[in-house]
S.K.: 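One structure follows; several queries about it will come next.
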Amino acid sequence: MQRLPVSLGDRSHEVVIGHFEIDALADAIAALAAKNSGLAILVDGALPKHSPRVETLVAALRTRLPKVEALALTSGERCKTFSELEKTCEWLAQSGFDRGAIVLGIGGGATTDHSGFAAAVYLRGVDSVLLPTTLLAMVDASVGGKTAVDLNAGKNLVGAFHQPRGVFCDLNFLDTLPAREIAAGMAEVVKAGLIADAPLFERIEAETLVNPELSRAQLERFIADSVRVKIAVVCSDERESAGRAILNFGHTVGHAIETGSDYGLLHGEAVSLGLIAALKLGQAMGINDASLVARTAAVLLRLGLPTDLENHVDEEVLSHIDVDKKRRSNAIRFVFVPRLGETLIRDIELPQLKQQVLAMERSRR
Ligand code: NAD
């Protein structure tokens, strides 16, 4: 078990990573919620079908706390809408939760984003605690306090910064997670290595060469290392005024590809393509060398992630960059990795960015 502190003054908390017995998990959550007036559990609606741990945990929490209610959310990304958020807030009110309540979000990144945002806005803000159940949510979505829902105009366009009181990454949940979702989560781990932790990248590189199927022990270490990277970045710039932007490496083109695929690609799959696009762009601009592109593509491929930009990048797809939040007037703050573990941010004019990416793709054919 690893306890990683997130030091943010009165918003400080811990990310705890390990294999929990249900009773230990219930004890830990109940201890956090002991001073709250009630525990409102929001759970990905499909999760109990996959994992009996959810119901056992809810039952265990009911024996420990005086007021516990649970709501099944629409599963996955479809919970990240205003109408779903409204349903949750109505349910919180009808269930009698007051300002002393604490919301527990159990599920993937969509559920933790929805739950965190509901906690941020219900009665102008109540506490939250997160139990991420996908690899992507453990290494990324549940850490750092960003919460959001989507608009038709784009993903995550309405949200709030709202730090949880605690995050519990219970690796037992990964037993039921499909291999495709594990691979998608690993895209964010690779990103963490690229931007700030060269030894982490080199370990993924070496270990996937031996066997691309990662053991629980390997995953636990990768989760802890990438959560450490995210915590360090978030603690240096909680509200993304400057340094936190490096976490967006690969996401500018990645988000556009994700939207352009009509969400046929998983977030992590789109990020995998976005990492390659960013590195190829860096190569074309003389910022990073070709070997970093090749090494990264090889690692992502071994993990089962897409790396071939063909059929994923065209004018239409790149038009989705326009509503990306990284845009400042007509320029994009684009993150590059000049060398393994280092970052460089450059403002690029949007037309120039699109032209470069398209030219890169054309020259390849
Ligand atoms: P997700 O929440 O949609 O979950 C993916 C699928 O896995 C769902 O169908 C879900 O039902 C299923 N699932 C969840 N846990 C499971 C388990 N243990 N066993 C079997 N199935 C399980 O997707 P995700 O990839 O976890 O998260 C993506 C979301 O996270 C996106 O909305 C993205 O915007 C958001 N995100 C947020 C941040 C942030 O900083 N807030 C960072 C990265 C991503």
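Numbering of ligands and ligand atoms starts at 1, following listing order.
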S.K.: Taking heavy atoms and a distance under 4.0 Å, where does Leu47 meet ligand 1: side chain, backbone, both or neither?
M.R.: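 Near ligand 1, Leu47 shows its side chain, while the N, CA, C and O stay back.
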S.K.: Without swapping roles, check the side chain of Asn36 against the backbone of Gly100 for a donor-acceptor pair under 3.5 Å.
M.R.: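 Confirmed, Asn36 side chain pairs with Gly100 backbone.
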S.K.: Of the side chain and backbone of Thr133, name the one, both, or neither that has a heavy atom under 4.0 Å from an atom of ligand 1.
M.R.: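 Near ligand 1, Thr133 shows its backbone as well as its side chain.
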S.K.: Assess Lys230 for proximity to ligand 1: is some non-hydrogen atom of it under 4.0 Å away?
M.R.: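 It does, in that a heavy atom of Lys230 comes within the 4.0 Å cut-off of ligand 1.
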S.K.: Which one holds for Glu188 and ligand 1: side chain close, backbone close, both close, or neither close, with close meaning a heavy atom under 4.0 Å?
M.R.: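 Neither part.
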S.K.: Decide whether an N or O pair under 3.5 Å exists between Leu174 and ligand 1.
M.R.: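 Min N/O separation from ligand 1 is not below 3.5 Å for Leu174.
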S.K.: Under 4.0 Å, heavy atoms only, figure out whether ligand 1 is touched by the backbone of Ala110, its side chain, both or neither.
M.R.: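 The answer is both, backbone and side chain.
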S.K.: Measuring from the heavy atoms of Ala184, does anything fall under 4.0 Å of ligand 1?
M.R.: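 It does not, in that no heavy atom of Ala184 comes within the 4.0 Å cut-off of ligand 1.
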S.K.: Answer yes or no: does an N/O atom from Phe173 fall short of 3.5 Å to an N/O atom of ligand 1?
M.R.: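 It does: an N or O of Phe173 is found under 3.5 Å from an N or O of ligand 1.
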S.K.: For Asp140, counting its heavy atoms only, list the atoms of ligand 1 lying under 4.0 Å from any of them.
M.R.: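 Atoms satisfying the 4.0 Å criterion: 42 (C), 43 (C).
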S.K.: Considering only non-hydrogen protein atoms, determine which one is nearest to atom 10 (C) of ligand 1 and report residue, atom name and distance to 0.1 Å.
M.R.: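 The protein heavy atom lying closest is Asp44 OD2, 3.3 Å.
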S.K.: Which residues pass the side-chain contact (heavy atoms from CB on, under 4.5 Å) test with Leu136, sequence neighbours left out?
M.R.: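 Leu136 satisfies side-chain contact (heavy atoms from CB on, under 4.5 Å) with Thr134, Glu188, His267 only.
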S.K.: Side chain or backbone, does His267 bring an N or O within less than 3.5 Å of an N or O on ligand 1?
M.R.: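 So ligand 1 has no N or O lying under 3.5 Å from an N or O of His267.
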S.K.: Hey, does the Lys NZ or Arg CZ of Arg203 hover above the aromatic six-ring of Phe222, less than 6.0 Å from the centre and inside 45° of the axis?
M.R.: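 No, Arg203 does not lie over the aromatic ring of Phe222.
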S.K.: Quick one: does Thr134 get an N or O within less than 3.5 Å of an N or O on ligand 1?
M.R.: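 Indeed, backbone or side chain, Thr134 has an N or O that close.
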S.K.: Once salt bridge (Lys or Arg N to Asp or Glu O under 4.0 Å) is applied, what residue pairs with a partner in residues 82-93 remain, sequence neighbours excluded?
M.R.: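 Qualifying pairs, neighbours excluded: Glu84-Lys87.
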S.K.: Which ligand 1 atoms does Glu77 reach within 4.0 Å, using its non-hydrogen atoms?
M.R.: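 So the atoms of ligand 1 that pass are 3 (O), 31 (C), 32 (O).
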